[in-house]
Enquirer: 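Can you keep this structure in mind? I'll have questions shortly.
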Amino acid sequence: MLKHISAALIACTALFASAAPSFACACCGTWKVVNVASYDVLNIRSGPGARYSKVGAIPAGSGCVIKTGQCRKNWCRVSYIDQKGWVSLRYLRYIK
């Protein structure tokens, strides 16, 4: 069964890749870190606010940040690689 699913995913990916414009991004539909100095990171917090402890970090300019739930005021739950927590929405921009 897994082989059939994998084959279907490969075929589907190939079909969409051939139809996609050359400017397509690998992380479209996700978020990118902005307004963070190139030498700094965006802290991931355990809750929706700067007073919560740091549980991770996302390098400046990184994409593929996924919003995983609703936002509270301007703090949103996110996932980045294997890290999960909250970040301020002022440091994220949607990738179309």
Side-chain angles (χ1 to χ4, degrees):
M1 170 111 175
L2 186 56
K3 288 182 183 180
H4 296 294
I5 293 171
S6 295
L9 286 173
I10 290 169
C12 185
T13 302
L15 175 67
F16 284 111
S18 65
S22 61
F23 60 85
C25 63
C27 296
C28 291
T30 64
W31 298 76
K32 177 180 179 176
V33 175
V34 295
N35 302 323
V36 175
S38 61
Y39 56 84
D40 208 352
V41 296
L42 173 59
N43 291 318
I44 301 173
R45 304 276 180 176
S46 62
R51 70 182 184 280
Y52 289 90
S53 62
K54 297 176 190 176
V55 296
I58 307 172
S62 295
C64 299
V65 178
I66 301 168
K67 282 179 44 179
T68 59
Q70 294 183 352
C71 297
R72 290 189 190 165
K73 296 188 179 180
N74 68 333
W75 287 82
C76 298
R77 293 192 77 155
V78 299
S79 173
Y80 176 73
I81 304 178
D82 61 348
Q83 303 176 79
K84 293 180 181 174
W86 295 81
V87 298
S88 174
L89 190 56
R90 80 177 84 172
Y91 298 107
L92 296 178
R93 180 177 45 207
Y94 186 70
I95 302 172
K96 296 181 179 180

Enquirer: Honestly curious: do Val55 and Val65 fall in one hydrophobic cluster under the side-chain, below-4.5 Å linking rule?
Expert: yes

Enquirer: I'd like to know if the side chain of Arg45 and the backbone of Trp86 have a donor-acceptor N/O pair within less than 3.5 Å.
Expert: no

Enquirer: Considering residues at least two apart in sequence or located in another chain, which fulfil the side-chain contact (heavy atoms from CB on, under 4.5 Å) criterion with Asn35?
Expert: Tyr91

Enquirer: Kindly write out the residues that satisfy ring-ring contact (aromatic ring centres under 6.0 Å, His included) with Tyr94, not counting sequence neighbours, or none if the list is empty.
Expert: Trp31

Enquirer: Under the side-chain hydrogen bond (donor to acceptor under 3.5 Å, both in side chains) rule, collect the residues that match up with Thr68, sequence neighbours excluded.
Expert: none

Enquirer: Are Leu89 and Val36 joined in one hydrophobic group, where the rule is that I, L, V, M, F, W and Y side chains link up if heavy atoms are under 4.5 Å apart?
Expert: yes

Enquirer: Taking only residues two or more places apart in sequence, or in another chain, which ones meet Ser38 in a side-chain contact (heavy atoms from CB on, under 4.5 Å)?
Expert: none

Enquirer: Is Val87 reachable from Val41 through a run of hydrophobic residues whose side-chain heavy atoms are each under 4.5 Å from the next?
Expert: no

Enquirer: Report all side-chain donor-acceptor pairs from residues 71-84 shorter than 3.5 Å, counting only partners two or more places apart or in another chain.
Expert:
{"unit_1": "Tyr80", "atom_1": "OH", "unit_2": "Ser62", "atom_2": "OG", "d": "3.4"}
{"unit_1": "Gln83", "atom_1": "OE1", "unit_2": "Ala57", "atom_2": "N", "d": "2.9"}
{"unit_1": "Gln83", "atom_1": "NE2", "unit_2": "Ala57", "atom_2": "O", "d": "3.1"}

Enquirer: List for me each residue that meets side-chain hydrogen bond (donor to acceptor under 3.5 Å, both in side chains) alongside Arg90, sequence neighbours excluded, and say none if there are none.
Expert: Ser88

Enquirer: On a heavy-atom basis, which atom in Ala37 and which in Ala60 lie closest, and how many Å separate them?
Expert: O-CB, 3.2 Å

